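Order of the sequence lines fixes the chain letters, A, B, ..., with proteins taken first and strands second; residue numbering starts at 1 for each chain. Nothing here was measured: the structure is a model prediction, and the numbers come from that model.
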2 protein chains.
Amino acid sequence: METIEQLLESKDIRITAMRLLIYKFLAEKEIAVTLSDIENAFEKADRTTLYRTIKTFEEKDIVHQIDDGTGITKYALCEQGCSCDIKTDLHLHFHCNNCNETICLTDHKIPQIKVPDGFVSENVNLVVKGICDKCSG
Amino acid sequence: METIEQLLESKDIRITAMRLLIYKFLAEKEIAVTLSDIENAFEKADRTTLYRTIKTFEEKDIVHQIDDGTGITKYALCEQGCSCDIKTDLHLHFHCNNCNETICLTDHKIPQIKVPDGFVSENVNLVVKGICDKCSG
DNA sequence: TAGTAAGTGCAATGGAAGTGCATTTGTTAT
DNA sequence: ATAACAAATGCACTTCCATTGCACTTACTA
């Protein structure tokens, strides 16, 4: 079992108390969170710190950004073996119109999309909206 | 050939000079535009008017909203026969990372997406990012 | 252990979305 | 035609999130 410290070190990220806390927070969540979500969870921490921590995680491919159409950027931990840097291996996200939560459906890969001649596809963002399993139950 | 006036009337939208201008502007563009784009095109008009005009058009299914991941909402005219209100008939959008333009690929329908048990899909947003035909030439 | 680089916190800025209200314009009924 | 009403427009203001500059603190390194 790899510790969080080892994981961060392997990604060239310095270990700080704040970063460990934020990582743990993300790991506990199964859903994508906004900056404000993190901010509310750590009232003592400054918003800027959270913002830059997330940016750092993002650059090092520890979290990925999700644009679920709510207008607010959300973030979620990349899975083990998630290759967010490899743009052809993106999973899709599900946004629940009822509880407003956004979930990574990591098992569901995005199908190959055909684009017209002359267009080069580098990246795909796919968000399915509807009712999640908890709300439809 | 249906005039713009006739089109607006058929959708229960009152005809005003401003609305005709905005419609023409959108019709001339082949790409999705932001509110600021429209604002810059009509410097005399107030932003609120543009904002509410677009909202009206959207409610009446004359334009559809696009979230291309830039964080700024864009809008584009619905095609003849575009059934934006029917959520299963959505086309995809292409966002060029080079020129930053977003294009409706109306001929390219979104493939059927499978979601896990318990999830109900109501709506799909799919944005392909890459290089458009003009920039890749 | 001193020096340097990175991380953190505070304050402030900027952009876009959205709202309340007064004014103008358009529609309808007398 | 015009009075009365409804819708559209313009202005001012607010809010929310993203982002940055700078000072200060913490962590690594020679």
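- Using a 4.5 Å heavy-atom cutoff, the side chains of Tyr23(A) and Leu7(A) are in contact.
- Sorted by residue number, the members of residues 44-59 of chain B with any non-hydrogen atom under 4.0 Å from DNA chain D read Asp46(B), Thr48(B), Thr49(B), Arg52(B), Thr53(B).
- By the side-chain hydrogen bond (donor to acceptor under 3.5 Å, both in side chains) test, Asn98(A) pairs with no residue at all, sequence neighbours left out.
- Between the side chain of Ser136(B) and the main chain of Gly118(A), a donor-acceptor pair closer than 3.5 Å is present.
- Between the C1' atom of dA6(C) and the CE atom of Met18(A) lies a distance of 16 Å, rounded to the nearest Å.
- Proximity of Ile54(B) to Ile38(B): side-chain heavy atoms (C-beta onward) are separated by under 4.5 Å at one or more points.
- Atom CD1 of Ile72(B) and atom P of dC17(D) are 17 Å apart (whole Å).
- If you take CZ of Arg19(B) and C1' of dT24(C), they are 14 Å apart, rounded to a whole angstrom.
- Asp67(A) places a side-chain N or O within 3.5 Å of a backbone atom of Gly69(B) that can act as its donor or acceptor partner.
- DNA chain D lies under 4.0 Å from no heavy atom of any residue of residues 25-34 of chain B.
- Side chain of Arg47(B) to main chain of Glu39(B): no donor-acceptor pair is present (N/O by atom type, distance under 3.5 Å, no hydrogens or angles).
- Put simply, Thr73(B) has a side-chain N or O that comes within less than 4.0 Å of OP1 or OP2 on dA17(C).
- With rounding to whole Å, Lys74(B) atom NZ is found 11 Å from dA16(C) atom P.
- Along DNA chain C, the nucleotide nearest to Tyr75(B) and the one nearest to Thr16(B) differ in position, and the one closer to the 5' end is contacted by Tyr75(B).
- If you measure from atom CG of Leu8(B) to atom P of dG26(C), you get 15 Å, rounded to the nearest angstrom.
- Put simply, CD1 on Ile38(B) is 16 Å from C1' on dT9(D), counting in whole angstrom units.
- Atoms CD (Glu9(A)) and P (dA27(D)) sit 14 Å apart, rounded to a whole Å.
- Contact of the Asn125(A) side chain with the Val127(A) side chain is registered, since non-hydrogen atoms from C-beta on lie closer than 4.5 Å.
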With side chain to side chain contact (heavy atoms under 4.5 Å, CB included) as the criterion, how do Leu126(B) and Val124(A) come out once you've worked through the C-alpha distance, each side chain's angles and the decisive distance to 0.1 Å? CA-CA 7 Å; Leu126(B) 202 167; Val124(A) 176; 3.9 Å; yes

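- Aromatic rings of Tyr75(B) and Phe57(B) (six-membered ring for Trp) have centroids beyond the 6.0 Å cut-off, not under it.
- Between the CZ atom of Phe42(A) and the P atom of dG9(C) there is a distance of 12 Å, rounded to whole Å.
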